[in-house]
Every structure is written in structure tokens, then in C-alpha cells.
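Note that this is a predicted model, so its numbers are computed, not measured.
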Amino acid sequence: MTRRRGQALALAAIAAGMMMAASTTDASAAMQCGRASWYALHSKTASGERMNPSALTAAHRTLPFGTRLKVTNKKNGKSVVVRINDRGPFVKGRVLDLSKGAASQLGFIRSGHTSVCMARA
């Protein structure tokens, strides 16, 4: 009986450890901060749709197309929900390229780039 109890405790400890690791991984993946810029082209995006500069869209290197992100400008606290429809940015140190419409709502058209935090919406 004590051997079974020991095995059960070991399995419970492993399961608890796996759950804690999964929750910390999800938490760190849920929020990302970095530099963002904006762009306004009229060509096709990597997803195949035509770029609409006034739409609330963004480019990200790895997130699946259609992913919705809540992006917050760290300098002024303004937020907007965007949809990933393109790949990029291709400038070192940047994590997100936003459409001109999204950048306008976040208040950084003039500066061209800003510090943001983003999380899945």
C-alpha cells in the first residue's frame, strides 16, 4: 500500500509541476512588449488581401493570420484591437508593424514608432 501511495504522490507532483510550467508559459506568451511602427501601402499583404491603410490591421512575424491583438501604447495608455494580416516587421528591434489607422488611434503617427504591449484579444 505504501508503494502505491508513493507512486500516486509522485504522479501528482509531476502533474502539478507540468500545470505550473504550462501556466507560466501561457502568461509569458500572452503579453509581449516592444517597439512598433506603422506603414501604409496599397499592395497585397502576405495573407493575400489588399492592404487598407485605414483598417485596424498589423504585421507580425509568427502569429497566425486572423489573430486579434489588443495593442497598448505605453507612452499614452491608448489601446486598439488589431487583426494580423501581414508578415513583418523586418526592422531589427521591432515586434509589430501597424496600419496607419491603428497607429492613428494609438496616437503615434507623427513619431513613426513607439513602445507598445500586446496581448491576444
Side-chain angles (χ1 to χ4, degrees):
M1 193 67 143
T2 58
R3 183 176 176 184
R4 281 189 181 172
R5 181 172 284 166
Q7 287 175 339
L9 286 173
L11 286 173
I14 290 170
M18 289 173 66
M19 288 172 58
M20 285 180 61
S23 68
T24 57
T25 301
D26 290 344
S28 63
M31 180 69 86
Q32 181 183 6
C33 295
R35 303 289 297 167
S37 57
W38 65 268
Y39 69 119
L41 303 174
H42 292 282
S43 59
K44 283 191 176 182
T45 64
S47 66
E49 65 185 84
R50 185 155 302 281
M51 170 67 174
N52 177 355
S54 61
L56 300 179
T57 58
H60 189 275
R61 288 186 189 98
T62 59
L63 287 174
F65 295 135
T67 301
R68 295 195 180 279
L69 293 177
K70 180 178 181 183
V71 182
T72 303
N73 184 336
K74 290 173 67 173
K75 292 184 179 186
N76 61 20
K78 293 181 179 181
S79 294
V80 67
V81 175
V82 299
R83 179 179 52 87
I84 301 299
N85 73 335
D86 205 359
R87 290 290 171 236
F90 300 109
V91 175
K92 186 177 180 180
R94 298 207 182 136
V95 296
L96 202 60
D97 269 342
L98 295 157
S99 65
K100 186 176 182 181
S104 177
Q105 287 197 17
L106 290 172
F108 74 95
I109 291 289
R110 204 172 175 134
S111 66
H113 53 86
T114 192
S115 294
V116 297
C117 286
M118 58 186 153
R120 289 190 188 232

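Heavy-atom minimum distance, L96 versus A58: CD1-CB, 4.1 Å. Pairing each heavy atom of T72 with each of S79, the nearest pair is OG1-OG, 2.7 Å. The two atoms that bring P53 and A40 nearest to each other are CB-CB, 3.8 Å, heavy atoms only. Contact between F108 and A36 at its shortest, heavy atoms only, is CE1-O, 4.0 Å. Nearest heavy atoms, N52 versus T57: O-OG1, 4.5 Å. Heavy-atom minimum distance, T67 versus R120: CG2-NH1, 3.9 Å.
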Criterion side-chain contact (heavy atoms from CB on, under 4.5 Å) on Q32 and V95, from CA distance to verdict: CA-CA 9 Å; Q32 181 183 6; V95 296; 3.6 Å; yes

Residue pair C117, K74: steps toward the side-chain contact (heavy atoms from CB on, under 4.5 Å) verdict: CA-CA 7 Å; C117 286; K74 290 173 67 173; 3.6 Å; yes

Derivation and outcome, side chain to side chain donor-acceptor pair (under 3.5 Å), residues S37 and D97: CA-CA 5 Å; S37 57; D97 269 342; 2.4 Å; yes

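The hydrophobic clustering, which links ILVMFWY residues whose side-chain heavy atoms are closer than 4.5 Å, places V81 and V116 apart.
Here the straight-line distance linking atom CZ of R94 with atom CZ of R61 works out to 10.0 Å at 0.5 Å rounding. The structure places CZ of R110 at 15.0 Å from OG1 of T114, a figure rounded to the nearest 0.5 Å. Within the model, atoms CE of M118 and CG of L63 stand 7.0 Å from one another, a figure rounded to the nearest 0.5 Å. Rounded to the nearest 0.5 Å, atoms OG (S43) and CZ (R50) are 7.5 Å apart. Distance check: L98 CG to L56 CG gives 9.5 Å after rounding to the nearest 0.5 Å. Taken to the nearest 0.5 Å, the NZ atom of K78 stands 8.5 Å off from the CG atom of N73.
Looking at W38, its side chain does come within 3.5 Å of a backbone N or O of I109 through a donor-acceptor pair.
Residues meeting the salt bridge (charged side-chain N to carboxylate O under 4.0 Å, His left out) test with R83, sequence neighbours left out: E49.
Looking at N85, I84, D86 one by one, the single match for side-chain contact (heavy atoms from CB on, under 4.5 Å) with S47 turns out to be N85.
Note that R87 lies in the cation-pi zone of F65, set by a 6.0 Å cut-off to the ring centre and a 45° limit from the axis.
In the hydrophobic clustering, Y39 connects to L41, M51, either directly or through intervening members, whenever side-chain heavy atoms lie under 4.5 Å apart.
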